[in-house]
Amino acid sequence: PSDRLPLPLGCCGHPRPPHCPRGGASSPSNAIGGARRYAGGVADTNELSLVIPGVDGGAGVYAPSDMDRMVHEEAKSSARTDFERDRARVLHSSALRRLGEKTQVLGPISDDFVRTRLTHSLEVAQVGRELGKELGADPDVVDAACLSHDLGHPPFGHNGERALDGLASRIGGFEGNAQTLRVVTRLEPKVIGAGGVPAGLNLTRATLDAICKYPWVKAGGPDLAKSTRKYSVYPDDAPVFAWMRQGAPAGRRCLEAQIMDLSDDIAYSVHDVEDAVATRKLDPSDLFDDAHCSAVVASTLDWYGASVARSDLEEALECIVSMPVWLRSFDGSYASLAHLKDATSELIGRFCSATVAATRETFGDEPLGRYRADLVVPRQVRAEIQILKGMAVHYVMSPRESEPVYYQQRTLLADLVDALYEAGADALEPVFAAQWRSASDDGVRLRAVIDQVASLTDVSASAWHARWCGMLSSQL
């Protein structure tokens, strides 16, 4: 693939500046810090795949069983593949539309420029689709997975997710990825199964598997500590999970899921920094100051742990700020905004090119998908993504943790869950009211309330709180 994708000339992916600590790269193996093959269920790994005749990516990657749906549907127009139909179902879902009023990092009403969960998901899909095409995975499977990856996120972003996890502790907790699987297989109205049981969007096995970022139940993953926090299925969704994972290696993610995960990391690391600069929360000139750089590295380690070494983070930060397109100042002018966009494009392109080159070097030029390969993310790419995420933490996310609005958001959700649980089925929308009425115990009824609250947007959560609680009801 080196004749199709430009490889970086130095550790930073651009001509080596005098102070950049590493020399140039003559092959994909040392491009961007060196290619490594990773295994497991983390963000810098992917797995093996398959392709079918007539599908972008080549012949032989996807088996007929990958196109099965849990509820059988008669064949429709031959003009579209099963995977194109999956993508269309996600694109037209109400759950995706709701992401337009859900917090990414800053709330959707905080500024006209910043990303929402919806715009973030569209950008993840763009990155993932192109990565999938380059590697031979079906682009519609990857696109659908990327569009779906945040469907389970509740109001107020990760702050809301933590709040609901605590409120649902007696029924196994709340996790955005597990909620996503629940949305696409149960809650989003599209297909009705035997006996009138909701089947959600009834996506193909391959697409469902691609959506599944952490393919295990709580505390059931290869890393016990991590899988206690990050998992993709609740116990009562185990049947559809078991069907989806038939034939898949236990605890391993398919290549398409790994592409989705990396695309998410690339998109939010780069775009959160873009938003921080554009909203004047991050002054690019600060990153040419040693004290500021040390503080960013410290915040990154404090927030994300030591999965990337301090020395690698320091080197990555030096490489980023030495990019020819990196801003030295920002004044909000057309020229500054264009320069900022150039920097984000350069970073995304370099991360993708280096990853494709490293993966191709390890697994060859054949179409890759499903469980045929692991995504190979070079060490330097992981470090640069991590330090970009750390910039957003240091300048935006960490300072907001102590703001009163964060406490108010958590209190609003706690009040609302209590009020709806006390009010019962009549307070819920029909989909969730049906869950309540068919429940066999209080735990199932609480899950119906959690599902209802998780479906709300930042705006509608405030409105529901005003209706049912009557205090702290201003839009947060």
Side-chain angles (χ1 to χ4, degrees), residues 11-13 19-22 32-34 36 38 40 42-45 103-106 114-115 120 124 157-159 161-162 213 223 225-226 229-230 261-323 326-327 330 340 343-344 346-348 350-351 354-355 377-403 406:
C11 73
C12 315
H19 59 282
C20 193
R22 288 190 181 172
I32 310 241
R36 291 172 51 193
Y38 298 93
V42 251
D44 53 14
T45 71
T103 294
Q104 172 62 12
V105 172
L106 299 172
V114 299
R115 269 84 181 174
H120 164 68
V124 173
H158 290 291
N159 192 37
E161 184 176 20
R162 289 192 295 270
K213 188 183 291 189
D223 181 329
K226 180 175 181 179
R229 305 185 315 273
K230 294 293 184 182
D261 197 9
L262 178 65
S263 301
D264 183 24
D265 271 1
I266 290 172
Y268 84 74
S269 65
V270 172
H271 294 138
D272 287 357
V273 169
E274 181 185 356
D275 285 354
V277 172
T279 56
R280 311 300 180 91
K281 291 178 170 56
L282 191 169
D283 183 346
S285 66
D286 287 346
L287 298 176
F288 294 91
D289 175 80
D290 288 345
H292 276 276
C293 289
S294 295
V296 168
V297 170
S299 292
T300 306
L301 290 168
D302 182 59
W303 194 279
Y304 291 108
S307 58
V308 179
R310 177 183 294 273
S311 59
D312 287 346
L313 294 172
E314 291 170 342
E315 179 182 318
L317 182 53
E318 184 175 7
C319 284
I320 287 172
V321 300
S322 64
M323 290 170 54
W326 187 256
L327 285 75
F330 180 82
L340 178 60
T344 62
E346 175 79 13
L347 286 165
I348 292 170
R350 187 164 80 256
F351 295 159
T355 298
V377 184
R379 174 180 172 180
Q380 184 71 17
V381 169
R382 291 195 302 122
E384 290 192 12
I385 289 173
Q386 193 85 321
I387 199 65
L388 287 168
K389 289 157 67 173
M391 290 180 200
V393 164
H394 183 73
Y395 291 103
V396 182
M397 295 161 65
S398 185
R400 282 179 57 84
E401 287 283 291
S402 59
E403 291 181 3
Y406 265 44

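If you're wondering where the values come from, they're calculated on a predicted model, not measured in any experiment.
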Nearest heavy-atom pair of [X] and [Y]: which atoms, and what distance?
X	Y	value
P284	L282	CD-O, 3.5 Å
Q386	T300	O-CG2, 3.6 Å
L340	L327	CA-CD1, 3.5 Å
L301	A306	CD2-CA, 4.2 Å
K389	S269	CG-CB, 3.5 Å
A354	V381	CB-CG2, 3.9 Å

According to side chain to side chain donor-acceptor pair (under 3.5 Å), who are the partners of [X], at least two apart in sequence or on a separate chain?
X	answer
S311	none
D283	S285
E161	H158
K230	none

Within the structure provided, determine whether [X] and [Y] are in side-chain contact (heavy-atom separation under 4.5 Å).
X	Y	value
Y395	V296	yes
L262	I385	yes
L388	V270	yes

Would you give the length of the straight line joining atom [atom1] of [X] to atom [atom2] of [Y], rounded to the nearest 0.5 angstrom?
X	Y	atom1	atom2	result
L313	C293	CG	SG	12.0 Å
I320	E346	CD1	CD	11.5 Å
D290	E314	CG	CD	10.0 Å
S299	Y304	OG	OH	10.5 Å

Donor + acceptor pair across side chains of H120, D272 (<3.5 Å):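 The answer is no; no qualifying pair exists.
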
Mark yes or no for whether H394, through its side chain, and G390, through its backbone, hold a donor-acceptor pair below 3.5 Å.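 Between the backbone of G390 and the side chain of H394 there is no qualifying donor-acceptor contact (under 3.5 Å).
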
Any side-chain to backbone donor/acceptor pair from D261 onto K213? Under 3.5 Å, distance only.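 No; judged by distance alone, with no hydrogens or angles, the pair does not exist.
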
Test of understanding: with side-chain contact (heavy atoms from CB on, under 4.5 Å), list the residues that count as partners of R280, not counting sequence neighbours.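 With sequence neighbours excluded, R280 shows a side-chain contact (heavy atoms from CB on, under 4.5 Å) to F330, given in chain and number order.
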
Among all residues two or more places apart in sequence or in another chain, which pass the side-chain contact (heavy atoms from CB on, under 4.5 Å) test with A316?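 A316 satisfies side-chain contact (heavy atoms from CB on, under 4.5 Å) with Q380, A383, E384, I387 only.
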
Apply side chain to side chain contact (heavy atoms under 4.5 Å, CB included) to W326 and L287, showing your working. CA-CA 10 Å; W326 187 256; L287 298 176; 3.6 Å; yes

Pair R382 + D312, salt bridge at N-O below 4.0 Å: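 Result for this pair is no, no salt bridge flagged.
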
